[in-house]
There are 2 protein chains.
Amino acid sequence: MRHKKGISDAVIERLPLYYRDLLLLRDAGIDIISSERLGERLGITPEQIRKDLTCFGAFGKKGVGYYVSELCQQIVEIIGLQQHWKIGIAGIGHLGWALANYKTFERLGFRTMGLFDVDHRIIGQNVGGITVTSSVDMGKIIREQQIQIGIITTPASVAQQVADDMVAAGIKGILTFAPLRLNVPNNIFVFREDLSIGLSRISYYLTNYSDKTDTF
Amino acid sequence: MRHKKGISDAVIERLPLYYRDLLLLRDAGIDIISSERLGERLGITPEQIRKDLTCFGAFGKKGVGYYVSELCQQIVEIIGLQQHWKIGIAGIGHLGWALANYKTFERLGFRTMGLFDVDHRIIGQNVGGITVTSSVDMGKIIREQQIQIGIITTPASVAQQVADDMVAAGIKGILTFAPLRLNVPNNIFVFREDLSIGLSRISYYLTNYSDKTDTF
DNA sequence: TAGATTGTTAATCGATTAACAATC
DNA sequence: TAGATTGTTAATCGATTAACAATC
């Protein structure tokens, strides 16, 4: 399999969509799927799907389609999910709690190994099978458990400090929900998830295209 | 202010970022900001910011920059946030709970007017000042409170039914966290928020560019 | 006036779509 | 073989970047 550098991020964002739907197809006992039918299910053009996949190799059979199980395995290797990344979550408010119990993470092979908070009412509680630890011990546990990816769901005011601590403990990638730009060494991958952008987009489209039938 | 049709979605996604940072600047008592400095703060090029804004008008002063308060107000009107959209959340698990208490939503002018669940242990509880109602009464409350935007944080298995009920009750826009394609009339705006894509992207980049310093 | 910064036009870059030859 | 569907190349479309004239 090719691992060409310089694959567009747009492609990388679509791969998990393909993968998750392929898992559903596999569970449903479907062996073969065409780009046409997969595209219908996902609302993506078949050309787009074929183009995305050929960034990494030729996984289909001409005149037939894609073998579901085979393609699952290929995408697992492309995304790197066979590694079963270990994750730690800092900030066990409701969002952190939700993520700690998020079944899709497990399904994708992510393993939650540490939950951290500063609130003594939360420390010691069992959340999704893991005991919440004091943030003071976060670095120690990240090192012990060899956690590679950190999720930050703390208030924005402490997010930078948490990121610094995670980086110091050896974390390589961070997914943050705090609405601010984190300062990290440039060998660390940071992605920001912004829950308010979606609502803002809806507001924009409702305001400016309010009768959709007229414009589409 | 111009409201040109056909503005790119990429632009629409950046507007809330500008807006939120402008609010911070305003709170800090800063009156004027250049695209250069705003770009530094956000990690966006100044050219990009200027280009985005000129889709809607000429809000800056040449040789000076942008007046923070004025630009805030302009963006509020572009996104349509002056409307104070009323929102309802279906599925008050931890994610729904987190969103019901999400301060950024309030800050942007969204008003949570209804919380709905099927679980009798949750119905009747006060979450962020709102009493959780049975999903059975969702349609009635959406109509009574004139809720315009729905957020779906239910399990995927019931998300379509919830969406159908929301649409039947007159909701115009839906933000869904369920990892599946919702079927709705095409005059309804649906945006999907996918919490697992961020982790998958991190997995991809850690796998394929593991020593970032070599490649960037 | 001189320096700074916008708004706009042109150039570049990249991503999506279309078309079709290859082949199962 | 005939029909179907991929993989790939070419064409189009759109978004970002660069350059600079306008002007505060």
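The sequence lines fix the lettering, A, B, ..., with proteins before strands; numbering per chain opens at 1. Excluded from the calculations below are hydrogen atoms, water molecules and symmetry mates; all remaining heavy atoms, backbone and side chain alike, are included.
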- [ ] Quickly work out the D9(B) CG to dA15(D) C1' distance and round it to whole Å.
- [x] 13 Å

Sequence neighbours excluded and cut-off under 3.5 Å, please list the side-chain donor-acceptor pairs for residues 85-95 of chain A, or say none.
unit_1 : atom_1 : unit_2  : atom_2 : d
W85(A) : NE1    : G80(A)  : O      : 3.0
W85(A) : NE1    : S203(B) : OG     : 2.7
K86(A) : NZ     : Q145(A) : O      : 3.4
H94(A) : ND1    : H94(B)  : ND1    : 3.0
H94(A) : NE2    : W97(B)  : NE1    : 3.0

Do any side-chain atoms of residues 45-52 of chain A form donor-acceptor pairs under 3.5 angstrom with protein atoms, and if so which ones, sequence neighbours left out?
unit_1 : atom_1 : unit_2 : atom_2 : d
T45(A) : OG1    : Q48(A) : N      : 3.2
Q48(A) : NE2    : D52(A) : OD1    : 3.4
R50(A) : NH1    : S35(A) : OG     : 3.0
D52(A) : OD1    : R14(A) : NH2    : 3.0
D52(A) : OD2    : R14(A) : NE     : 2.6
D52(A) : OD2    : R14(A) : NH2    : 3.3
D52(A) : OD2    : Y18(A) : OH     : 2.6

- [ ] Name all pairs fulfilling the side-chain hydrogen bond (donor to acceptor under 3.5 Å, both in side chains) condition that reach into residues 160-171 of chain B, sequence neighbours left out, sorted by first residue then second.
- [x] Q160(B)-D164(B), Q161(B)-D165(B)

Task: Whole-Å gap separating P (dT6(D)) and CG (L53(A)) - done: 10 Å

Open item on the list: Please enumerate all residues that pass side chain to side chain contact (heavy atoms under 4.5 Å, CB included) together with Q82(A), with sequence neighbours excluded.
Closed with: V76(A), E77(A)

Task: Distance flag, aromatic centroids of Y209(B) and F189(A), threshold under 6.0 Å - done: no

Task: Sequence neighbours excluded, every pair satisfying side-chain hydrogen bond (donor to acceptor under 3.5 Å, both in side chains) that has a member inside residues 98-112 of chain B - done: D27(B)-R107(B)

Task: Between P of dG14(C) and CG of D52(A), the distance in whole Å - done: 17 Å

Open item on the list: In this structure, how many angstroms lie between the P atom of dG7(D) and the CZ atom of F56(A), rounded?
Closed with: 14 Å

TODO: Not counting sequence neighbours, which residues clear side chain to side chain contact (heavy atoms under 4.5 Å, CB included) with K61(A)? List them please.
DONE: V64(A), Y67(A)

Task: side chain to side chain contact (heavy atoms under 4.5 Å, CB included) involving V118(B) - partner list, sequence neighbours excluded - done: S135(B)

TODO: Provide, to the nearest angstrom, the distance between the CD1 atom belonging to I44(A) and the P atom belonging to dA15(C).
DONE: 16 Å

Task: Sub-4.0 Å heavy-atom contacts from residues 20-39 of chain A onto DNA chain D, ordered by number - done: S34(A), S35(A)

TODO: Would you kindly give the CD1-to-P distance between I49(A) and dT8(D), to the nearest whole Å?
DONE: 17 Å

Open item on the list: With a cut-off of less than 4.0 Å, is there a side-chain N or O of Y66(B) near OP1 or OP2 of dG7(C)?
Closed with: yes

Task: Distance in angstrom units between E70(A) CD and dT6(D) C1', rounded - done: 14 Å

Task: Counterpart residues, side chain to side chain donor-acceptor pair (under 3.5 Å), relative to S34(B) (two or more places apart) - done: none

- [ ] Please identify each residue that fulfils side chain to side chain contact (heavy atoms under 4.5 Å, CB included) with S8(B), with sequence neighbours left out.
- [x] A10(B), V11(B)

Open item on the list: Rounded to the nearest 0.5 Å, what separates atom CG in L180(A) from atom CG in L24(B)?
Closed with: 9.0 Å

Task: S8(B) vs dG14(D): side-chain N/O to OP1/OP2 distance below 4.0 Å - done: no

TODO: If a protein heavy atom is under 4.0 Å from the base, mark B; if only from the sugar-phosphate, S; if neither, -; do that for nucleotides 17-24 of chain D going 5' to 3'.
DONE: BBB--BBB

Open item on the list: As a check on the pairing definition, encode DNA chain D in dot-bracket form, counting Watson-Crick and G-U wobble pairs whose two distances are under 3.5 Å, and using | for partners outside this strand.
Closed with: ..||||||||||||||||||||||

